[in-house]
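See structure below.
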Protein chains: 2
Amino acid sequence: MLQDRVEEYLGAIYRLRTGEGEPLPLSQLAEYFGFSPVSIHEMIRKLDDGGWVDFHPYRGVTLTERGEASARALLRRHRLWERFLTDSLNIPWDEAHLIAGDLEHAAPELVTDRLAEFMGEPDACPHGGPIPPALQSSEERCLRSLGAGAEARVTRISPETPALLRRIAKQDLIPGRLLRILAQTETETRVHLQDMPEPALSIPETDAQAIWVELM
Amino acid sequence: MLQDRVEEYLGAIYRLRTGEGEPLPLSQLAEYFGFSPVSIHEMIRKLDDGGWVDFHPYRGVTLTERGEASARALLRRHRLWERFLTDSLNIPWDEAHLIAGDLEHAAPELVTDRLAEFMGEPDACPHGGPIPPALQSSEERCLRSLGAGAEARVTRISPETPALLRRIAKQDLIPGRLLRILAQTETETRVHLQDMPEPALSIPETDAQAIWVELM
DNA sequence: AGGAAGTATAAGGGATGCCTTATGATCTGC
DNA sequence: GCAGATCATAAGGCATCCCTTATACTTCCT
Ligand SMILES: [Mn+2]
Ligand SMILES: [Mn+2]
Ligand SMILES: [Mn+2]
Ligand SMILES: [Mn+2]
């Protein structure tokens, strides 16, 4: 879920659109990517099905709230990489833009957030584009704090203790996973992973304390 | 050419093999990746066709010189990223390993070489693995220095002047491109790009001076 | 030497993301 | 209001890289 190509399309829509929530004509995307209109259309339909965009026939696409958030996060990663490449590694800014276009997909938020910290929280890319703020964790809730029935998506694991990370990876509770809370007991949280055959997963209380999610 | 998956396989062969040029049994790769033996076999056949490995039926695979060089370069990028992630960004080493496993494919040699410089040319990754040296440019030749008929692959553009980079990108003379020298005149180098319909490309002498290649 | 285990290979399938060609639907300008 | 341009959509293809099933071949051990 949320492959590179999906991100790339969301990012392109974000950059190419004009103000005012006006739908972006697919022809613009075709020109930007150099793909055939049919391919663009096909992909946009997938994005619509996935809830990333709204497709308005004969008018264009708009980003949903979810798509908008992804695009903004992508742009943040892109611009932070650009800053780092130009400032710390002395890479020319046009090349930095191209390289950042790949790095933005390769590393998780954690890396670019640390990069931002490392560089003193810059607020613009080398080309002057503003760097969107890190996703405010106001909407982030601890897995442990949710009641039975709640549906949420894992956003991050914190603190990042290696042993904990390994335990969590083993249960495949990686960021992005959709889950539903089955029950909270004194010692554990029982969870169901979406699209998984297993009926439930038991997470010890101390681990659940370190899993952060976003309500759906 | 040289997609992520190809690199990943070459890297795995490099790491998993024991000493002495002993072929690595495909079963080891199947276990490492968790893929079916048939899938591994199919991929290995492609790598063999591409000249990256030699496949010895019922014995295993060995890396060709070309495959070995790619794997070594990949490992260098991997370990430099690991160093950077752990040392500069304080990311736990097990997570750094995973992230480096993606970053190693996303950024060109240029970035990791600069990273190495930035970190004072470390000689081991956080886990103690030695960092292979940068590809010695002894085999690198300037495009301008080649005679007509020579076949070569673009390795890098240096110096990295933005305007030059843009001009070169426009002619698609990016690193990795295979070309054949048609002629060298006082003012330009005429070149044919492999798999390109156009009969020839003319590169001004000053630009050709900045294009570095590896003879085929 | 024979048989079990391991390995190779053929055949067909699925997802993704690109392509072209072809047919309708809608919009827009005159 | 109609025509030509633009856009939507269906259908079929291709490359990549993964899958399973099934058959054939080799190796190795008893
Ligand atoms: Mn990108
Ligand atoms: Mn920028
Ligand atoms: Mn990798
Ligand atoms: Mn390491």
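Convention: sequence-line order gives letters A, B, ...; per-chain numbering from 1.
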Discussion item. Which residues pass the salt bridge (Lys or Arg N to Asp or Glu O under 4.0 Å) test with A:Asp54, not counting sequence neighbours?
Written reply: none

Item to complete: Please report the shortest heavy-atom distance between B:Tyr14 and B:Ala71, naming the atom on each side.
Response: CD1-CB, 3.5 Å

Fill in: A:Ser27 side chain near D:dC7 phosphate (N/O to OP1/OP2, under 4.0 Å)
yes

Worksheet, complete the sentence: side chain to side chain contact (heavy atoms under 4.5 Å, CB included) filter on A:Gln171, not counting sequence neighbours, yields A:Leu173, A:Leu201, A:Ile203

Fill in: For the student: nearest non-hydrogen atoms of B:Gly11 and B:Leu74, plus distance
CA-CD2, 3.9 Å

Worksheet item: Hey, can you pull the residues of residues 7-14 of chain B with a non-hydrogen atom under 4.0 angstrom from DNA chain D?
Response: B:Tyr9

Worksheet item: Can you list the residues that meet the salt bridge (Lys or Arg N to Asp or Glu O under 4.0 Å) rule with A:Asp87, with sequence neighbours excluded?
Response: A:Arg83

Worksheet item: For A:Tyr32, what residues pass the ring pair (Phe, Tyr, Trp, His ring centres under 6.0 Å) criterion, not counting sequence neighbours?
Response: none

Worksheet item: So how far off straight is the helix from C:dA1-D:dT30 to C:dC30-D:dG1, going by the axes through five pairs at either end, to 10°?
Response: 10°

Worksheet item: What closest approach, in Å, do B:Ala116 and B:Pro122 show between heavy atoms, and which atom pair accounts for it?
Response: O-CD, 3.7 Å

Worksheet entry | B:Ser39 OG to B:Leu29 CG distance, which is reported to the nearest 0.5 Å | 12.0 Å

Item to complete: For DNA chain C, find the residues of residues 32-51 of chain B with a heavy-atom distance under 4.0 Å and give them by number; none if there aren't any.
Response: B:Val38, B:His41, B:Arg45

At a cut-off of 3.5 Å, list every protein nitrogen or oxygen paired with a nitrogen or oxygen from nucleotides 26-30 of chain C, distance to 0.1 Å.
residue	atom	partner	partner atom	Å
C:dT26	O4'	A:Tyr58	OH	3.3

Item to complete: List for me each residue that meets ring pair (Phe, Tyr, Trp, His ring centres under 6.0 Å) alongside A:His41, sequence neighbours excluded, and say none if there are none.
Response: A:Phe55

Fill in: Presence of A:Arg5 side-chain N/O under 4.0 Å of C:dC18 phosphate oxygens OP1/OP2
yes

Practice prompt. Apply ring pair (Phe, Tyr, Trp, His ring centres under 6.0 Å) to B:Phe35 and list each qualifying residue two or more places apart in sequence or on a separate chain.
Written response: B:Phe33

Practice prompt. Sorted by first residue and then second, give each salt bridge (charged side-chain N to carboxylate O under 4.0 Å, His left out) pair with at least one member in residues 2-12 of chain B; sequence neighbours left out.
Written response: B:Glu7-B:Arg77

Item to complete: Not counting sequence neighbours, which residues clear salt bridge (Lys or Arg N to Asp or Glu O under 4.0 Å) with A:Asp102? List them please.
Response: none

